[in-house]
Amino acid sequence: MRGLPLVALILAGCATTSVPQTATAPLVAATAETDPVDTAADAADDPAIWRNPADPAKSLVIGTDKKAGIHVYSLAGKRLSFTPADRLNNVDLRTVGTRVIVAASDRADVDAAHLALFALDTAAAKLVPLGRFPVGPGEAYGMCLWTRARDHALFGFVVLKDGRIDQVAIDVSGGVPKVTTVRSMKLTSQAEGCVVDDRTGLLYVAEEDVGLWRFDADPAAPGTATPIAQVDGRTLVADAEGLALAPSGRRGGYLVVSSQGDNAYTLYRLPGVTYAGRFRIGGGAIDGTSDTDGIDLMLGDFGPAYPGGLFVAQDGDNAPDTQNFKFVSWTAVRRALRR
């Protein structure tokens, strides 16, 4: 583990002299898993879920292979299509009008961050490339999307490997998308995972060795970071990685984060971001997860296997096969945590 920067002490309030034992994390069995990615070692990274409103059982999961491209999977985990691309890392999607827009952080040029855009052909279960667009200097790492409630404008947040966060406005109304960098924010050290709550316009970012931060997502707002949860070695263990939301009502629900350092997933209750429990994936016919990078979560009916929502997690060790993604019933998670 890298040494904690000074900002960790701000979150902690004081230094600690020992690492406490991690908090209890019950096992939740995976219901399905994807076909393994084609490339070896550290390759699979981040998922995004599209729910089919007409037939939830035919929903799709997007997953990146950061060495080869981007996959589209069925809810059974079968790979339906693959689009080659260099070094795509994090992925997110939003419905814009009648189209599903998929965005991924593009690390092909480590000195110049890019955003790759696709349209998801939901009938054919494949991605149609729309182009790659410059964002700013540095290596693109994390990425998440936000649809602003008042005007349905689409924005992206590209988290650079050094902790800078570039916000871009994305216009897909014309024949060729327009991507414009509108502001930058900064954390002290390496960050990656992020998610935006479309209800509240709040951006959550994971600084890997430090903890979780909150920003106002509106580009006109100050870029001030508010610390909300600490990497404490007990409830959240470095690296803090992927983030996902389970919204409830106008402001409630849960923020979920991959506690990569101890192969667990931590929940925080919204809106106050108070610790609400943690779980691990394992204990079933399908192997569990470890070293998880990206996660995604969507509530709602996804068919008999996922009546209350679908949770997807990257599996960093799927031996003897290459890495893949595991699918978990959110109903099973809530049952395990008695939530």
Once rounded to the nearest 0.5 Å, what's the spacing between atom [atom1] of [X] and atom [atom2] of [Y]?
| X | Y | atom1 | atom2 | answer |
| --- | --- | --- | --- | --- |
| Asn52 | Ile49 | CG | CD1 | 13.5 Å |
| Glu33 | Thr289 | CD | OG1 | 11.0 Å |
| Asp166 | Thr181 | CG | OG1 | 5.5 Å |
| Tyr73 | Phe327 | OH | CZ | 8.0 Å |
| Leu80 | Ile62 | CG | CD1 | 9.5 Å |
| Ile70 | Phe82 | CD1 | CZ | 9.5 Å |

Locate the shortest heavy-atom distance separating [X] from [Y]; write the atom from each residue and the value.
| X | Y | answer |
| --- | --- | --- |
| Gly233 | Thr22 | O-CG2, 3.5 Å |
| Pro307 | Ala305 | CD-C, 3.5 Å |
| Ala238 | Asp209 | CB-OD1, 3.6 Å |
| Asn324 | Pro36 | CB-CA, 3.9 Å |
| Arg87 | Val110 | NH1-CG1, 3.4 Å |
| Asp216 | Asp218 | OD1-N, 3.0 Å |

My understanding is that only residues two or more places apart in sequence, or in another chain, count here; which of them pass side chain to side chain contact (heavy atoms under 4.5 Å, CB included) with [X]?
| X | answer |
| --- | --- |
| Ala103 | Leu115, Leu117, Met143, Leu145 |
| Pro53 | Trp50, Arg51 |
| Ala43 | Val37, Thr39, Asp65, Lys67, Gln323 |
| Ala30 | Ile281, Ile286, Lys326, Val328 |

Do [X] and [Y] come within less than 4.5 Å of each other through their side chains, counting heavy atoms only?
| X | Y | value |
| --- | --- | --- |
| Leu203 | Trp146 | no |
| Leu267 | Phe279 | yes |
| Phe311 | Tyr265 | yes |
| Leu310 | Leu75 | yes |
| Val210 | Leu187 | no |
| Leu270 | Thr200 | no |
| Asn90 | Asp45 | yes |
| Val61 | Thr34 | no |

Short side-chain to backbone donor-acceptor contact, [X] and [Y], under 3.5 Å:
| X | Y | result |
| --- | --- | --- |
| Arg199 | Ser248 | yes |
| Ser258 | Thr292 | yes |
| Asp315 | Ser290 | yes |
| Glu241 | Glu192 | no |
| Asn89 | Ser105 | no |
| His114 | Ala112 | yes |
| Asn263 | Asp291 | yes |
| Gln260 | Ala240 | no |
| Gln314 | Ala44 | yes |
| Asp46 | Val91 | yes |

If hydrophobic clusters are built by linking Ile, Leu, Val, Met, Phe, Trp and Tyr wherever their side-chain heavy atoms come under 4.5 Å apart, do [X] and [Y] end up in the same one?
| X | Y | result |
| --- | --- | --- |
| Val196 | Val172 | no |
| Ile170 | Phe157 | no |
| Leu93 | Val72 | yes |

### Message
What I want to check is whether the side chains of Gln190 and Asp239 have a donor and an acceptor closer together than 3.5 Å.
### Response
no

If you look only at pairs with a residue in [range], which of them pass as a salt bridge (Lys or Arg N to Asp or Glu O under 4.0 Å), with sequence neighbours excluded?
| range | value |
| --- | --- |
| residues 117-134 | Asp106-Arg132 |
| residues 292-303 | Lys66-Asp293 |
| residues 176-185 | none |
| residues 70-79 | Asp38-Arg79 |

### Query
What's the verdict on side chain to side chain contact (heavy atoms under 4.5 Å, CB included) for Leu245 and Asp198, showing C-alpha distance, side-chain angles and the deciding distance?
CA-CA 10 Å; Leu245 289 166; Asp198 286 350; over 6 Å; no

### Task
Please determine which of Thr147, Val100, Ile101 meets the side-chain contact (heavy atoms from CB on, under 4.5 Å) test together with Thr95.
Val100

### Task
Apply the test side chain to side chain contact (heavy atoms under 4.5 Å, CB included) to residues Leu212 and Leu236: give CA-CA distance (whole Å), side-chain angles for both, the deciding distance (0.1 Å), then the verdict.
CA-CA 10 Å; Leu212 308 183; Leu236 184 60; 4.3 Å; yes

### Message
I'd like to know if Arg234 and Asp232 make a salt bridge, using a cut-off of under 4.0 Å between side-chain N and carboxylate O.
### Response
no

### Message
Test: side-chain hydrogen bond (donor to acceptor under 3.5 Å, both in side chains). Region: residues 328-339. Which pairs qualify, not counting sequence neighbours?
### Response
none

### Message
Enumerate the disulfide bond (SG atoms under 2.5 Å apart) contacts for residues 142-189, please, sequence neighbours excluded, ordered by first and then second residue.
### Response
Cys144-Cys194

### Message
Could you walk me through whether Thr266 and Val256 satisfy the side chain to side chain contact (heavy atoms under 4.5 Å, CB included) test, starting with their C-alpha distance in whole Å, then the side-chain angles of each, then the deciding distance to 0.1 Å, before giving a yes or no?
### Response
CA-CA 6 Å; Thr266 303; Val256 188; over 6 Å; no

### Task
For the pair Phe118 and Leu88, evaluate side chain to side chain contact (heavy atoms under 4.5 Å, CB included) and give the outcome as yes or no after the intermediate values.
CA-CA 12 Å; Phe118 306 84; Leu88 300 183; 3.9 Å; yes

### Task
Could you pull out all residues at least two apart from Tyr204 that satisfy side chain to side chain donor-acceptor pair (under 3.5 Å)?
none

### Message
Using the side chain to side chain donor-acceptor pair (under 3.5 Å) criterion, which residues pair with Asp262? Sequence neighbours excluded.
### Response
Ser259, Arg278, Arg280

